[in-house]
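What you are looking at is a predicted structure, and each value in this text was computed from that prediction instead of being measured.
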2 protein chains.
Amino acid sequence: MAVTRRPGADHCGIAAAMSVIDGKWKVSLLWELEQCPRRFGELRRLVPGVSEKVLAAQLRELETDGIVHREVYDEVPPRVEYSLTPLGQDLNAALEALGQWGAKHLLPDSA
Amino acid sequence: MAVTRRPGADHCGIAAAMSVIDGKWKVSLLWELEQCPRRFGELRRLVPGVSEKVLAAQLRELETDGIVHREVYDEVPPRVEYSLTPLGQDLNAALEALGQWGAKHLLPDSA
DNA sequence: CTGCTCGCTCACCTCGGGGTAACCACCCAC
DNA sequence: GTGGGTGGTTACCCCGAGGTGAGCGAGCAG
């Protein structure tokens, strides 16, 4: 989304948060990781439509933002597991509020 | 951002909400409207960098999504006021959680 | 020797969100 | 008659996020 981040503006916290979840698939990734640690190929399968390139890129971004942890197991075939950091869990909790709002007001009807 | 909305996925509420605030300036607009109703030119001045075209477009989108109310006063020179609907106020409240998280974890230090 | 899996990386291309600038109709002040 | 301020709309262009397809390096199955 590339949300505009105006330094000094009072809503900069929101803008900062938005910049972190900025990316077509990040909220989906966050959601899938909420359940449990996931492997790369597993995320690929769980989030249909994402390309490998973008999946790798957005996972890297989430990692450098301290949202997810990347654990590489030196095996063969190689194994990599992604999991939420405490920071990521906090973020997901904050997103919950947004999810509640969306589900309540936007969805056809709450099941 | 064009966040992916997978019907049936459990986080679709979040995706729905994201699609509503999807747009480079929408959270800024939401924030400015939080304070009080604003006129078009006023928003243009309050949100530096936004072009008239995009400001008009995103306000329209927020309007059709039921987030803002558009009131036209038949005067000369013409006057138009934008304000948050109750739905928009709820949305802003939900965004608050995200703002808290961002301010707490992302900003250099909370002033 | 070939192919398969896994987790990527690289080059190339597309597409649309957003920026830029011009224009509109209306009225007032100079 | 010229300029300014109101709230837009339209045409055109640009750039970067994201999609596509190929390749890679190790090891195991056949």
Side-chain angles (χ1 to χ4, degrees), chain A residues 1-6 15 17-30 32-33 36-65 67-83, chain B residues 1-6 15 17-30 32-33 36-65 67-83:
Chain A
M1 186 196 307
V3 165
T4 306
R5 192 169 182 167
R6 284 182 287 142
M18 295 297 293
S19 75
V20 160
I21 57 175
D22 181 14
K24 193 173 179 181
W25 308 97
K26 285 194 186 166
V27 299
S28 296
L29 294 177
L30 255 23
E32 298 300 344
L33 291 175
C36 61
R38 301 288 193 185
R39 304 185 49 179
F40 185 88
E42 202 174 356
L43 288 170
R44 189 156 161 49
R45 265 170 268 122
L46 286 166
V47 183
V50 65
S51 65
E52 293 185 348
K53 169 191 150 190
V54 174
L55 177 54
Q58 307 212 344
L59 283 170
R60 299 275 191 207
E61 289 182 25
L62 290 173
E63 190 195 355
T64 63
D65 283 333
I67 308 298
V68 307
H69 173 67
R70 182 168 182 268
E71 186 80 31
V72 182
Y73 298 88
D74 198 11
E75 307 171 352
V76 104
R79 184 160 64 101
V80 181
E81 274 191 358
Y82 296 90
S83 54
Chain B
M1 187 199 305
V3 164
T4 305
R5 192 169 182 170
R6 284 181 288 141
M18 294 298 292
S19 75
V20 161
I21 56 174
D22 181 14
K24 192 172 179 181
W25 308 97
K26 286 194 186 167
V27 300
S28 295
L29 294 177
L30 255 24
E32 298 300 345
L33 292 176
C36 61
R38 301 287 193 186
R39 305 184 49 176
F40 185 89
E42 202 174 355
L43 287 170
R44 188 157 160 50
R45 265 170 266 122
L46 286 166
V47 182
V50 66
S51 65
E52 292 185 350
K53 169 191 151 189
V54 174
L55 177 54
Q58 308 213 342
L59 283 171
R60 299 275 190 206
E61 288 182 25
L62 290 173
E63 189 194 357
T64 64
D65 283 333
I67 308 299
V68 308
H69 172 70
R70 182 167 182 268
E71 185 80 31
V72 183
Y73 298 87
D74 198 10
E75 307 171 350
V76 103
R79 184 160 65 101
V80 180
E81 274 191 359
Y82 296 90
S83 54

| message | By the 4.0 Å heavy-atom rule, please label A:Glu61 as base, sugar-phosphate, or nothing. | response |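 Since no nucleic acid heavy atom lies under 4.0 Å of A:Glu61, the category is nothing.
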| request: Look up atom CG in B:Leu62 and atom CG in B:Leu30, then write down how far apart they are to the nearest 0.5 Å. | output: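 Rounded to the nearest 0.5 Å, the CG-CG separation comes to 6.0 Å.
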In whole Å, what is the span from the [atom1] atom of [X] to the [atom2] atom of [N]?
| X | N | atom1 | atom2 | value |
| --- | --- | --- | --- | --- |
| B:Asp74 | D:dG8 | CG | P | 13 Å |
| B:Glu63 | D:dG8 | CD | C1' | 13 Å |
| A:Lys24 | D:dA17 | NZ | P | 13 Å |
| B:Ile21 | C:dG17 | CD1 | C1' | 16 Å |

| field | Residues forming a side chain to side chain contact (heavy atoms under 4.5 Å, CB included) with B:Pro78, sequence neighbours excluded | value |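 Counting only residues at least two positions away or on another chain, B:Pro78 forms no side chain to side chain contact (heavy atoms under 4.5 Å, CB included).
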| Of all residues at least two apart in sequence or in a different chain, which pass the side chain to side chain contact (heavy atoms under 4.5 Å, CB included) check with A:Val76? |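 For A:Val76 there are no side chain to side chain contact (heavy atoms under 4.5 Å, CB included) partners, ignoring immediate neighbours.
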| said: To the nearest 10°, give me the bend of the helix from C:dC1-D:dG30 to C:dC30-D:dG1, comparing the axes of its five terminal pairs at either end. | reply: 30°
| Which is it for A:Leu59 and A:Leu43 under the side chain to side chain contact (heavy atoms under 4.5 Å, CB included) test, yes or no, and what are the steps along the way? | CA-CA 10 Å; A:Leu59 283 170; A:Leu43 288 170; 4.0 Å; yes
| Which pairs, with at least one residue in residues 56-65 of chain B and sequence neighbours excluded, count as a side chain to side chain donor-acceptor pair (under 3.5 Å)? | B:Lys26-B:Glu61
| Can you pull the side chain to side chain donor-acceptor pair (under 3.5 Å) pairs that have at least one residue in residues 37-47 of chain B, sequence neighbours excluded? | B:Arg38-B:Glu42, B:Arg44-B:Glu52
| query | Which residues satisfy the salt bridge (Lys or Arg N to Asp or Glu O under 4.0 Å) test with A:Glu71, sequence neighbours excluded? | reply | none
| query | Step by step, would you call B:Val20 with B:Ile67 a side chain to side chain contact (heavy atoms under 4.5 Å, CB included)? | reply | CA-CA 9 Å; B:Val20 161; B:Ile67 308 299; 3.9 Å; yes
| With respect to the side chain of B:Trp25, which nucleotide from D:dG19, D:dA26, C:dG18 is positioned closest? | C:dG18
| task | Establish, with yes or no, whether the OP1 or OP2 oxygen of C:dG18 is under 4.0 angstrom from a side-chain nitrogen or oxygen of B:Gln58. | result | yes
Measure all distances between protein nitrogen or oxygen atoms and nitrogen or oxygen atoms of nucleotides 4-9 of chain C, and list the pairs falling under 3.5 Å.
from, atom 1, to, atom 2, distance (Å)
C:dC6, O3', A:Arg39, NH2, 3.1
C:dC6, O3', A:Pro78, O, 3.1
C:dG7, OP1, A:Arg39, NE, 3.1
C:dG7, OP1, A:Arg39, NH2, 2.9
C:dG7, OP1, A:Val80, N, 3.4
C:dG7, OP2, A:Gly41, N, 3.1
C:dC8, OP1, A:Arg70, NH2, 2.2
C:dC8, OP2, A:Tyr82, OH, 2.7
C:dC8, O3', A:Arg60, NH2, 3.2
C:dC8, N4, A:Glu52, OE1, 2.1
C:dT9, OP1, A:Arg60, NH2, 2.7

